[in-house]
Amino acid sequence: MIGYKAISNLLQQQGVEVVFAMLGGTNVQWAAHGKAESMFDVVTTRHEDTAVLAASGYSRTTGRVAVATVTRAPGFTNAVSALTTTVHSHVPVVLIVGESPLTTGFTIQSVDQKGLASVLGAGFHHIASPEELAVKFGQAFDAARWNGSPQVISIATGLIEAHVSNTTAPDQVRIAEEPDPENISNVIDQLESAERPLILAGRGAMLSGSKEVLEEFSRLIGARVATTLPANRFFDGHPHDLGICGESSPPAARDEIARSDVVVAVGASMNQYTTLGGLMFDGAKIVQIETDA
């Protein structure tokens, strides 16, 4: 399969339904092919920052990994502000760019994409050969789902017209680290003595698909549930749902949430907005379940 068709195919395999794009010479072929073959929709923007921010908004709304694409060099640097915001907010966006600097040839538009991505805290995956395409696509999407961090895929220009023999991303097998048994024992002790336990879900809980598990957990320990603002409505329909926790809580719900004595926070950073600057859970025991140590 020719390279640009393989890229569209791999995006479809990842369940991508829409791509937010500032189009240029390095991405127009695969984006147009995906659109023409009804593999995904393409929403074009007038600026690279807008493409990334639109993808970020889509991810925040749907709880899914979102895709944006810009061209290389100045296209990538124009997206840096938005990419910085998504990194700080832990929004799983995959940004597909054209390669820079080039592995073959020369252009005055060369930019150290890998260095910039590293400084910003985004993952970086450079695809220099057809053999790497499917594997690195899978790695980038897996990383975005795993830790909610933006990932940059940089695709060599020559790959667009190259023949790609492998067009299926391998299944990513990620073995989670076992929690410390002593920590688990301590948490159980806290929950056994808790009178008003609360399960607090953040965006990480959404991305992990743990709603049913957390609802069953809340039933077993008699806990109420709440969410951070990005995970709003995650527990819709739950009989003990207190809604959003933090600055966006209605006063009555905020007062009730603040009475919790043990809080199990799942995939939530417990930032100043969720905790009212540390005042929301004054005196409560906090348990954080998080992939980012």
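For the numbers below, each heavy atom of this structure counts, side chains included, while hydrogens, waters and symmetry mates do not. What you see is a predicted model, and the numbers here were worked out from it, not measured in a lab.
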Got a donor-acceptor contact below 3.5 angstrom from the [X] side chain to the [Y] backbone?
| X | Y | value |
| --- | --- | --- |
| Glu215 | Phe235 | no |
| Thr62 | Arg64 | yes |
| Arg254 | Glu247 | yes |
| Thr84 | Val80 | yes |
| His163 | Met1 | yes |
| Glu132 | Ser129 | yes |
| Ser185 | Pro181 | no |
| Ser56 | Thr86 | no |

Fill in: Residue pair Ile96 / Val152, side-chain heavy-atom distance below 4.5 Å
no
Practice prompt. Using a 4.5 Å cut-off on heavy atoms from C-beta on, say whether the side chain of Leu95 contacts that of Phe76.
Written response: yes
[atom1] of [X]: more than 12 outside heavy atoms within 6.0 angstrom?
| X | atom1 | result |
| --- | --- | --- |
| Lys114 | NZ | no |
| Asp282 | CG | no |
| Glu216 | CD | yes |

Tell me whether [X] is salt-bridged to [Y], with the criterion being a basic N under 4.0 Å from an acidic carboxylate O.
| X | Y | answer |
| --- | --- | --- |
| Arg145 | Asp142 | no |
| Glu256 | Arg196 | no |
| Asp261 | Lys285 | no |

Check whether the side chains of [X] and [Y] place a donor and an acceptor atom closer than 3.5 Å, and report yes or no.
| X | Y | answer |
| --- | --- | --- |
| Thr69 | Asn27 | yes |
| Glu161 | Gln29 | yes |
| Ser218 | His240 | no |
| Gln113 | Ser100 | no |

